[in-house]
**Student:** 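Below are the structure tokens for one structure; questions will follow.
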2 protein chains.
Amino acid sequence: MAAELGVSRTTVSNAYNRPDQLSPALRRRVLDTARRLGYPGPDPVARSLRTRKAGAVGLLLTEALSYAFRDPVAVQFLEGLALACEDNGSGLLLVPVSPEADDPGAVARAGVDGFVVYSMPDDDDNFAAVLERPVPVVVCDQPTAVSDVDRVGIDDHAAMVDMARHLAGLGHRRVGVLCMRLSTERNDGFASVGRQENARYEVQRRRLSGLREGFAEAGVDWSTVPVVERFDHSESAGASGAEQLLARHDVTAIACTSDLLALGALRHVRESGRRVPEEVSITGFDGVPAAERAELTTIRQPTLDKGRAAGELLLDRGDRQRSRTLLLPTELLARATSGPPPER
Amino acid sequence: MAAELGVSRTTVSNAYNRPDQLSPALRRRVLDTARRLGYPGPDPVARSLRTRKAGAVGLLLTEALSYAFRDPVAVQFLEGLALACEDNGSGLLLVPVSPEADDPGAVARAGVDGFVVYSMPDDDDNFAAVLERPVPVVVCDQPTAVSDVDRVGIDDHAAMVDMARHLAGLGHRRVGVLCMRLSTERNDGFASVGRQENARYEVQRRRLSGLREGFAEAGVDWSTVPVVERFDHSESAGASGAEQLLARHDVTAIACTSDLLALGALRHVRESGRRVPEEVSITGFDGVPAAERAELTTIRQPTLDKGRAAGELLLDRGDRQRSRTLLLPTELLARATSGPPPER
DNA sequence: GTGAAAGCGCTAACAA
DNA sequence: TTGTTAGCGCTTTCAC
């Protein structure tokens with residue numbers, strides 16, 4: 001301890017943390033001595049132990065850490081979350097999870113004051129580990145079947161009912177769907193109704209059920225609607241999904257459960273010589289910037305606001321009495337990739 | 001302590017950390033009791049204090065936290081860094097810095113095993129605070145004038161010499177430049193040679209000096225070359241910069257020190273009715289995806305690899321004897337936005 | 001395979 | 001304004 005150098009440890013501590021508690025001269029002297037002796041200042045970990053504050057928010061994602069920076073929706077969510085963190089002076093800790101290993105160790109080992117959980121599957125070990133921790137938790141999007149945590153999300157079902165009505169209203173009856181992964185194991189291909197209903201990803205389940213309901217209103221029998229699933233969330237997955245769908249089914253519209261998939265589908269459909277929307281309509285979900293450039297018909301969701309709201313909910317030491325749920329609005333953007341189906 | 005429940009604290013600790021050190025039956029019993037009693041498992045902060053490992057890498061950026069997710073180059077760097085972190089099982093802590101406050105507290109308070117510093121100005125307080133911490137540090141890009149830290153970067157000067165030669169080789173002699181901020185205070189407008197040479201951002205300084213050298217070889221007097229500076233790094237800053245440049249100077253080429261600026265310049269130039277590259281050539285720097293889509297002539301730098309290398313350098317507990325410097329290669333991509341100047 | 005003791009470096013009360 | 005006293009919760013020799 002630098003205490004050996006004239007003063008006591010309290011004084012040293014105060015020199016760093018409460019400048020107003022001691023004379024400027026003394027403070028200067030303490031700091032100078034510290035520097036001379038090579039004392040690097042209070043150890044942050046020891047301080048955290050004592051103060052019971054880590055000064056950081058943990059973020060848990062479905063995917064590997066680096067995915068956070070590959071998916072444009074995740075990036076926007078993170079920007080919002082970071083905004084909330086910086087307002088609060090909190091750090092943002094991206095918690096590593098090994099998708100393979102059944103090792104929730106990283107979660108247990110994270111020095112954070114709370115967790116934001118972004119879009120995890122039902123029954124996830126890492127998420128379970130988060131709930132074990134005696135810190136506040138905010139879940140974004142999924143899973144929703146959890147008590148005692150705050151939640152931020154949108155009404156995925158209702159948004160997709162709108163989308164189905166939009167397409168049905170244009171006259172589409174022979175439609176296909178392209179969706180994201182429905183289980184944690186890779187399963188690229190057509191997804192049966194049973195598989196859809198038992199999807200481990202609630203968001204996908206709800207988006208599909210929304211489409212189902214909306215199309216049902218127009219008399220479309222859902223069991224005849226082909227649903228193609230892709231494990232990877234990327235444009236090329238969207239392209240290959242569209243290819244698989246169109247190879248077997250003659251549809252006039254493809255509703256995708258994300259913009260990335262829709263953008264890929266759009267590319268494939270055009271490259272295969274079909275015109276959009278004259279021959280095939282394509283719709284997405286999310287409202288990413290690239291979708292705007294492509295004039296994709298989609299559902300805009302306030303991704304950045306979700307991130308900020310999640311951060312604020314977590315950091316807001318207000319009424320943490322009962323768990324709060326925030327449902328943000330979405331908006332159907334009918335743009336250039338949807339139109340009436342071709343005449344028979 | 002759960003020790004009151006049959007066994008000692010060592011045993012409890014072992015139950016969590018060294019399953020092989022005690023009988024499975026006992027371990028099970030300990031864990032069950034812990035659950036029943038609501039013991040959440042070892043406190044990560046206390047554990048860190050004892051083991052002297054935080055299990056996380058800290059990242060320090062020039063800008064506010066959320067900037068990390070707004071700038072495509074930063075996002076790619078982060079993806080690479082995250083890749084290295086996840087290979088190591090480390091977390092990634094984005095350290096909040098208040099650009100206004102002269103408070104390096106967040107850096108001092110971050111519980112991390114090391115820092116990656118990404119592109120900071122010379123003489124930055126937060127960076128200085130990082131150097132005070134007794135942990136390893138890797139600096140990416142700037143500042144370079146630091147001893148005892150590992151570094152990752154590119155040869156900005158040489159890359160821009162190439163770019164100047166490219167433009168000069170096409171025949172350009174009346175050129176303008178659009179660069180990023182040169183000081184930490186906002187100063188949008190023309191930058192004198194003196195201001196360029198005294199820029200607090202080494203990367204900008206070197207990119208400008210590279211252009212200067214390359215154009216000098218073709219006989220261009222640098223003091224006649226207008227250099228427009230923009231504080232914000234965005235497309236719209238690029239557009240307004242190009243506008244300001246063209247309003248006063250009749251140039252046949254605009255060399256930008258980033259793709260984002262170049263993309264904005266491109267937009268402005270086209271919107272103002274000029275053809276690219278027939279009337280004006282425009283070049284960027286970085287090689288972001290959007291630049292590829294726009295067919296922008298640019299310098300590609302391996303941004304993701306820089307991030308990964310930075311992470312590996314930091315986490316690699318190998319020869320930490322002397323500081324290592326890694327210079328990654330760049331590549332001039334001559335695409336569709338550069339061509340011969342118009343005939344007089 | 002298990003327990004006892006020692007301390008990681010700090011800050012919050014309180015007393016002087 | 002400064003010093004004293006107690007831990008924060010854990011892991012780690014080392015002895016049993």
**Student:** What is the distance from CG of B:D113 to P of C:dC8, rounded to the nearest Å?
**Tutor:**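 Rounded to whole Å, this separation is 19 Å.
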
**Student:** So, using side-chain hydrogen bond (donor to acceptor under 3.5 Å, both in side chains) as the criterion, who are the partners of B:R200 when residues are at least two apart?
**Tutor:**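 For B:R200 the side-chain hydrogen bond (donor to acceptor under 3.5 Å, both in side chains) partners, ignoring immediate neighbours, are B:T184.
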
**Student:** What is the separation between atom CZ on B:R29 and atom P on C:dG1, rounded to the nearest whole Å?
**Tutor:**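 To the nearest whole Å, that distance equals 15 Å.
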
**Student:** Specify the separation, in whole Å, of atom CZ of A:R133 and atom P of D:dG9.
**Tutor:**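 For the pair A:R133 CZ and D:dG9 P, the rounded distance is 13 Å.
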
**Student:** Would you list the atom pairs, donor with acceptor, under 3.5 Å between side chains in residues 136-143 of chain A and any protein atom, with sequence neighbours excluded?
**Tutor:**
| from | atom 1 | to | atom 2 | distance (Å) |
| --- | --- | --- | --- | --- |
| A:D141 | OD1 | A:K306 | NZ | 2.8 |
| A:D141 | OD2 | A:K306 | NZ | 2.9 |
| A:Q142 | OE1 | A:E202 | N | 2.8 |
| A:Q142 | OE1 | A:V203 | N | 2.6 |
| A:Q142 | NE2 | A:S119 | OG | 3.2 |

**Student:** Is the backbone N or O of B:A56 less than 3.5 Å from a side-chain atom of B:S90, with the two atoms forming a donor-acceptor pair by type?
**Tutor:**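 Checked: no pair found.
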
**Student:** Check side-chain hydrogen bond (donor to acceptor under 3.5 Å, both in side chains) between B:D32 and all other residues, then give those that pass, not counting sequence neighbours.
**Tutor:**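 B:R28.
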
**Student:** Applying side-chain hydrogen bond (donor to acceptor under 3.5 Å, both in side chains), name anything that partners A:R70, two or more places apart in sequence or on another chain.
**Tutor:**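 With neighbours one apart ignored, the set is A:S66, B:E79.
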
**Student:** Hey, what are the protein-to-nucleotides 11-13 of chain C N/O distances that come in under 3.5 Å?
**Tutor:**
| from | atom 1 | to | atom 2 | distance (Å) |
| --- | --- | --- | --- | --- |
| C:dT11 | OP1 | A:N17 | ND2 | 2.8 |
| C:dT11 | OP1 | A:R47 | NH1 | 3.1 |
| C:dT11 | OP2 | A:S13 | OG | 2.8 |
| C:dT11 | O2 | A:R50 | NH1 | 2.5 |
| C:dA12 | OP2 | A:R18 | NH2 | 2.5 |

**Student:** Can you list every ring pair (Phe, Tyr, Trp, His ring centres under 6.0 Å) pair that touches residues 43-72 of chain B, not counting sequence neighbours?
**Tutor:**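 Matches after skipping sequence neighbours: A:F69-B:F69.
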
**Student:** Send over the distance from B:R52 CZ to D:dT12 P, rounded to a whole Å.
**Tutor:**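 It is 13 Å, rounded to the nearest whole Å.
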
**Student:** Please list all pairs passing the ring pair (Phe, Tyr, Trp, His ring centres under 6.0 Å) test where one or both residues lie in residues 73-94 of chain A, with sequence neighbours left out.
**Tutor:**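 Residue pairs with at least one partner in residues 73-94 of chain A: A:F77-A:Y118.
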
**Student:** Think A:S23 has a side-chain N or O under 4.0 angstrom from the OP1 or OP2 of D:dT1?
**Tutor:**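 Negative; the distance criterion is not met.
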
**Student:** Would you kindly give the CG-to-C1' distance between B:L26 and C:dT2, to the nearest whole Å?
**Tutor:**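 The answer, rounded to whole Å, is 9 Å.
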
**Student:** Mind checking what makes side-chain hydrogen bond (donor to acceptor under 3.5 Å, both in side chains) contact with A:T325, not counting sequence neighbours?
**Tutor:**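 With sequence neighbours excluded, A:T325 shows a side-chain hydrogen bond (donor to acceptor under 3.5 Å, both in side chains) to no residue whatsoever.
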
**Student:** Closest nucleotide of DNA chain C for B:L22 versus for B:L49: which of these residues is on the 5' side?
**Tutor:**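 Its nucleotide being nearer the 5' end, the pick is B:L22.
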
**Student:** Identify the stems formed by DNA chain C, where each pair is Watson-Crick or G-U wobble with both distances under 3.5 angstrom and a stem is at least 3 consecutive pairs.
**Tutor:**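 Listed by first number, the stems are C:1-16 with D:1-16.
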
